[in-house]
Amino acid sequence: MHMHSDVLIVGAGPAGLSLAISLAKAGFTATVLDQNPTAALEQPAPDGREIALTHPSVATLQRLGSWAGLAASEMGHIRAAHVHDGPVGAHSAMQLQAAHGAGAAPAPSMPLGFIVPNHALRRTAYGVAASTPGVRIVPGAQVHRVATLPTHAEVDYTDAAAPGQASQRLCAPLVVAADSRFSAARRQLGIGAQMTDFGRTVIVCRMRHTKPHADTAHECFGYERTLAVLPLPDDDAGHPQCSVVVTAQAADAARLMALEPTAFTAEVQAQFQHRLGDMELIEQRHAYPLVAVYAQRFTGPRCALLGDAAVGMHPVTAHGYNLGLAGVERLTQALEAARQRGQDLGDAAALAPYARAHHLHAWPIYQGTNAIVRLYTDARPLPRLLRQAVLQGARHLPPLKAAIVGQLTGKTPAWQTPLARLGTALAAARPGR
């Protein structure tokens with residue numbers, strides 16, 4: 001059986017492309033298939049999504065070479081984060097800063113995290129992957145079969161640019177599904193997933209405003225609607241900008257999407273208590289259904305899951321792409337170790353260390369995030385009291401705040417984060433369960 005490469009990757013999103021680059025740097029060959037044409041991969045259209053990145057994620061992107069392709073105007077900094085329960089100003093907020101922690105020296109130049117447009121991450125990942133020896137990209141690939149056999153994995157596809165052409169087949173020791181949280185490749189591999197449909201819609205957009213944001217992110221938990229305001233770099237004229245993320249029930253989201261720009265802006269300004277002064281919608285709004293996904297397993301004989309195909313996170317804690325990049329590092333390390341031991345790359349035992357490590361990292365974050373979302377969107381009296389207890393406790397426990405900050409800056413393993421452990425406990429004991 002002719003092997004076309006060491007690894008086949010279904011999905012040329014930033015996670016799949018980053019894996020291909022990482023594998024090539026480690027001496028493997030990778031073939032990436034995606035349904036989008038070359039033009040859409042080279043210059044992805046803006047989709048409204050801004051991705052918050054931790055320090056370890058930035059280090060990975062720097063190692064891969066894609067960070068260098070970002071323009072200065074595409075790299076924002078988050079130097080502080082405020083978490084509000086209910087309307088802004090109604091209660092004291094939990095405040096997080098990079099320099100927080102016992103004995104920590106102030107470090108104004110050290111951001112809590114970074115924020116980059118999703119389409120820019122896609123563009124730079126493609127640019128590096130397309131020029132990396134050992135990486136082959138197959139655009140316009142309509143994948144209709146992904147299968148694993150005892151001796152190899154197979155992907156059958158047709159070329160969208162050549163309708164009527166016979167199906168083509170690629171073979172490799174290993175196939176990786178990286179084609180979104182609603183992964184068709186995952187389904188074809190026979191791997192199910194736990195899906196949590198929050199019955200809500202996320203609306204994302206960019207706004208210009210008159211007051212400076214001081215590189216501070218705000219998460220405002222309303223009982224019917226959640227608002228996140230994320231700091232972005234100033235525009236070319238020096239005007240401050242932010243990313244607005246509104247999470248609302250489906251009916252409310254449909255109404256918000258139908259509003260005229262000025263009316264939509266007025267609602268955002270009101271919920272944010274006019275803290276940024278006059279605001280102006282500068283790009284179109286994008287709406288996405290809110291469904292979190294956790295695959296039943298991350299690996300199997302001759303297959304592995306990566307990115308949202310493995311774990312599709314609720315965006316409130318901004319862990320989605322960060323988990324994807326952590327998966328890139330772990331899967332690369334597992335395959336390097338297998339090669340050193342002389343193992344087949346598709347051997348289930350060779351892939352098991354990746355599955356274990358990624359589960360230990362992702363599971364508490366996933367469960368904790370979902371529990372916190374449920375807690376902070378529940379308007380009943382008991383959850384309201386519990387919310388305030390959580391926030392007040394965090395505000396008065398420096399080690400807790402330091403641990404949360406440590407997770408973002410890469411100084412604390414994710415599994416040790418008290419916020420994640422707290423969320424897991426809340427998942428088991430939340431009211432009404």
Side-chain angles (χ1 to χ4, degrees), residues 4-26 28-36 40-41 44 49 51 57 60-61 64 66 118 121-126 128-130 132 134-148 153-155 157 170 172-191 193 293-300 302-313 319-335 345-346 351 354-355 358-359 361-362:
H4 296 88
S5 59
D6 293 318
V7 181
L8 300 175
I9 302 170
V10 180
L17 290 170
S18 293
L19 177 64
I21 300 166
S22 183
L23 292 176
K25 285 182 174 293
F28 298 102
T29 58
T31 300
V32 188
L33 302 95
D34 196 90
Q35 62 183 352
N36 287 299
L41 295 174
R49 290 179 288 185
I51 307 301
S57 292
T60 294
L61 295 176
L64 299 180
S66 50
N118 183 59
L121 291 172
R122 297 176 69 94
R123 184 196 74 236
T124 55
Y126 178 83
V128 174
T132 298
V135 176
R136 175 192 174 196
I137 301 175
V138 183
Q142 301 293 330
V143 174
H144 53 84
R145 176 176 171 268
V146 180
T148 57
E154 296 178 348
V155 174
Y157 72 97
L170 295 177
L174 174 67
V175 63
V176 176
D179 54 336
S180 87
R181 66 186 63 200
F182 304 111
S183 171
R186 180 184 64 215
R187 182 180 295 273
Q188 291 179 41
L189 289 167
I191 300 176
V293 175
Y294 202 95
Q296 291 175 351
R297 51 191 171 92
F298 294 159
T299 62
R302 303 207 173 277
C303 66
L305 307 183
L306 181 75
D308 281 0
V311 184
M313 291 286 295
H319 276 295
Y321 187 45
N322 294 299
L323 282 177
L325 288 175
V328 167
E329 297 285 12
R330 291 192 180 93
L331 185 52
T332 302
Q333 291 165 7
L335 295 182
L345 297 182
L351 299 169
Y354 161 69
H358 202 48
H359 175 70
H361 181 189

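- Proximity of E154 to L170: side-chain heavy atoms (C-beta onward) are nowhere separated by under 4.5 Å.
- L306 and G327 get closest at one heavy-atom pair: CD1-C, 3.6 Å.
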Would you check, one step at a time, whether the test side-chain contact (heavy atoms from CB on, under 4.5 Å) holds for V293 with V311?
CA-CA 6 Å; V293 175; V311 184; over 6 Å; no
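- The structure places CZ of R49 at 6.5 Å from CD1 of I51, a figure rounded to the nearest 0.5 Å.
- In this structure, the side chain of R186 engages the main chain of A309 through a donor-acceptor pair within 3.5 Å.
- With hydrogens and angles disregarded, a donor-acceptor distance shorter than 3.5 Å links the side chain of T29 to the backbone of D6.
- Checking each of V175, V32, V146 against L8 for a side chain to side chain contact (heavy atoms under 4.5 Å, CB included) leaves exactly one that passes, namely V175.
- Of all the heavy atoms in V135 and A20, the pair that sits closest is CG2-O, 3.5 Å.
- Residues that satisfy the ring pair (Phe, Tyr, Trp, His ring centres under 6.0 Å) test with Y126, not counting sequence neighbours, are absent from this structure.
- Here the side chains of L64 and S22 are in contact, with some heavy-atom distance below 4.5 Å.
- Residues G16 and I9 approach most closely at O-CD1, 3.7 Å, considering heavy atoms.
- Between Y321 and P14, the closest heavy-atom pair is OH-CB, 3.4 Å.
- A 4.5 Å side-chain heavy-atom check between R330 and Y354 finds at least one atom pair inside the cut-off.
- The CG atom of L189 sits 13.0 Å away from atom CZ of R302, with the distance rounded to the nearest 0.5 Å.
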Between V138 and R136, is a side-chain contact (heavy atoms from CB on, under 4.5 Å) present by the stated rule, with each step listed?
CA-CA 7 Å; V138 183; R136 175 192 174 196; 3.8 Å; yes
Output, in order, the C-alpha distance, side-chain angles, deciding distance and verdict of side-chain contact (heavy atoms from CB on, under 4.5 Å) for V155 and R145.
CA-CA 6 Å; V155 174; R145 176 176 171 268; over 6 Å; no
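- In this structure the side chain of L325 reaches within 4.5 angstrom of the side chain of S18, judged on heavy atoms.
- With a 4.5 Å cut-off on side-chain heavy atoms, L305 and V176 do not count as touching.
- Residues S5 and T31 have side chains that bring a donor and an acceptor to within less than 3.5 angstrom of each other.
- Taking each heavy atom of T124 and S66 in turn, the nearest pair found is CB-O, 3.4 Å.
- Within the 4.5 Å cutoff, the side chain of D34 has no heavy atoms near those of the I137 side chain.
- Between L17 and L41, every side-chain heavy-atom pair lies at or beyond the 4.5 Å cut-off.
- Expressed to the nearest 0.5 Å, how far NE2 of H358 lies from CG of L323 amounts to 5.5 Å.
- Side-chain N or O atoms of D308 include none that pairs as donor or acceptor with a backbone N or O of R181 at under 3.5 Å.
- Between the side chains of H359 and R297, no donor N or O sits under 3.5 Å from an acceptor N or O.
- Screening residues 319-329 for salt bridge (Lys or Arg N to Asp or Glu O under 4.0 Å) gives R63-E329 as the qualifying pairs, with residues at least two apart or on separate chains.
- Remark: H4 pairs with H2 by the ring pair (Phe, Tyr, Trp, His ring centres under 6.0 Å) rule, at least two apart or across chains.
- Looking at L174 and L351, their side chains come closer than 4.5 Å, going by heavy atoms from C-beta outward.
- Nearest heavy atom pair, residue I191 against residue A295, reads CG2-CB, 4.4 Å.
- Judged by distance alone, the side chain of R122 and the main-chain N or O of G13 form no donor-acceptor pair under 3.5 Å.
- Separation of atoms NZ (K25) and OG1 (T132) is listed at 6.5 Å; rounding is to 0.5 Å.
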